[in-house]
Q: 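Okay, handing you the structure first.
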Amino acid sequence: MKYLLGLCAFIFLLSCTSQKVNSKYSKIEYEATPCFGFCPVFKMTISPDRTAIFEAEHFNFNNKPSKDEFSKPREGTFKGTIKEEDYNKLISLLDGLNAKGLSDKYGEHNITDLPTSYLRIKFSDGTSKNIEDYGKNGSEKLSEVYQFFENLRKNQQWNKVK
């Protein structure tokens, strides 16, 4: 009986240990470049354990931006952990994209003042997908992903590291 009890305790303890995150994405990166106006300029990298790096250049925190911000130093590098609910939503959005089947480039470069979005996805199987979208209008689902990243800048807890 005590062997059975010991075995049950051992199995219970093994099941309580932290489990490795099982995600089909090994790294998700989004970058937004400047436009002629006040478009936020930043890069965000998210790992499967929900840890994130947010590299803020300009127009990320000020609700009343001005051109003077370009003469100021970059806003900084921040670290944080994406809330579980938001991370799951991001994964759901990416799953809905069927990213591997998307084009590598979107947008019409005849207009010279639009921002470009770069979505870089590394998959757990070793493959990757890089999407460049000039004007951020590649598809409706891509626009949802871009907007989601724009929102993450303001709805997460970020700690400045430099």
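Heads up: numbering here begins at 1 and tracks the sequence.
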Q: Between S139 and L142 (side chain of the first, backbone of the second, donor and acceptor by atom type, cut-off under 3.5 Å), is there such a pair?
A: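 Yes, the answer is positive, given that a donor and an acceptor are paired below the 3.5 Å cut-off.
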
Q: Quick test of your reading: applying salt bridge (charged side-chain N to carboxylate O under 4.0 Å, His left out), list the pairs with at least one residue in residues 152-162, sequence neighbours left out, ordered by first then second residue.
A: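 Found E150-R153.
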
Q: Under the criterion side-chain contact (heavy atoms from CB on, under 4.5 Å), I'd like the reasoning laid out for N137 against Y106: C-alpha separation, chi angles, the key distance, then a yes or no.
A: CA-CA 7 Å; N137 291 312; Y106 292 94; over 6 Å; no

Q: Under 3.5 Å, is there a donor-acceptor pair between the side chain of T45 and the main chain of Y30?
A: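 Checked: no pair found.
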
Q: Testing the basics here: between T33 and T116, what is the closest heavy-atom pair and its distance to 0.1 Å?
A: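 Where T33 meets T116 most closely, the heavy atoms are OG1-N, 2.8 Å.
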
Q: State, to 0.1 Å, how close K141 and G96 come at their nearest heavy-atom pair, and which atoms those are.
A: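 Scanning both residues completely, I find the closest heavy atoms to be NZ-O, 3.2 Å.
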
Q: Can you tell me if S47 uses its side chain to pair, donor with acceptor, with the backbone of D49 under 3.5 Å?
A: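 Not confirmed, S47 side chain does not pair with D49 backbone.
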
Q: When you look at Q157 and N159, which way does the side-chain contact (heavy atoms from CB on, under 4.5 Å) test go after all the steps?
A: CA-CA 7 Å; Q157 179 68 43; N159 300 310; 3.9 Å; yes

Q: Under the criterion ring-ring contact (aromatic ring centres under 6.0 Å, His included), which of W158, F78, F38 is the partner of F61?
A: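 It is F78; the other options fail the test.
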
Q: Any idea which heavy atoms bring Y134 and D113 closest together, and the distance?
A: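 It is OH-N, 3.4 Å.
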
Q: Does S124 use its side chain to pair, donor to acceptor, with the backbone of S23 at less than 3.5 Å?
A: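 Between the backbone of S23 and the side chain of S124 there is a qualifying donor-acceptor contact (under 3.5 Å).
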
Q: From I28 CD1 over to I46 CD1, what is the distance, rounded to the nearest 0.5 angstrom?
A: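 One finds 6.0 Å between CD1 of I28 and CD1 of I46.
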
Q: Got a donor-acceptor contact below 3.5 angstrom from the S128 side chain to the I121 backbone?
A: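 A pair under 3.5 Å: no.
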
Q: Under a 4.0 Å N-O cut-off, is there an ion pair linking E29 with R120?
A: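 Salt bridge present between E29 and R120.
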
Q: Please check: side-chain N/O of E55 versus main-chain N/O of M44, any donor-acceptor pairing under 3.5 Å?
A: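 No, the answer is negative, given that no donor and acceptor are paired below the 3.5 Å cut-off.
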
Q: Between K100 and F123, is NZ or CZ placed under 6.0 angstrom from the six-membered ring centre and within 45° of the ring axis?
A: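 Output yes; distance and angle both within limits.
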
Q: Donor-acceptor pair, distance only, cut-off 3.5 Å: does the side chain of E75 make one with the backbone of N60?
A: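 Between the backbone of N60 and the side chain of E75 there is a qualifying donor-acceptor contact (under 3.5 Å).
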
Q: Thinking salt bridges, do D95 and K24 make one under a 4.0 Å N-O criterion?
A: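 Between K24 and D95 there is a salt bridge, with a charged N closer than 4.0 Å to a carboxylate O.
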
Q: Are the side chain of K129 and the backbone of K122 linked by a donor-acceptor contact shorter than 3.5 Å?
A: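 Such a contact is absent between K129 side chain and K122 backbone.
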
Q: Under the 3.5 angstrom rule, does the side chain of Y118 hit a backbone N or O of D133 as a donor-acceptor pair?
A: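 The answer is no, because no donor-acceptor pair under 3.5 Å joins these two groups.
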
Q: Going by the salt bridge (charged side-chain N to carboxylate O under 4.0 Å, His left out) test, which pairs reach into residues 76-86, not counting sequence neighbours?
A: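 Those involving residues 76-86 do not exist here.
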
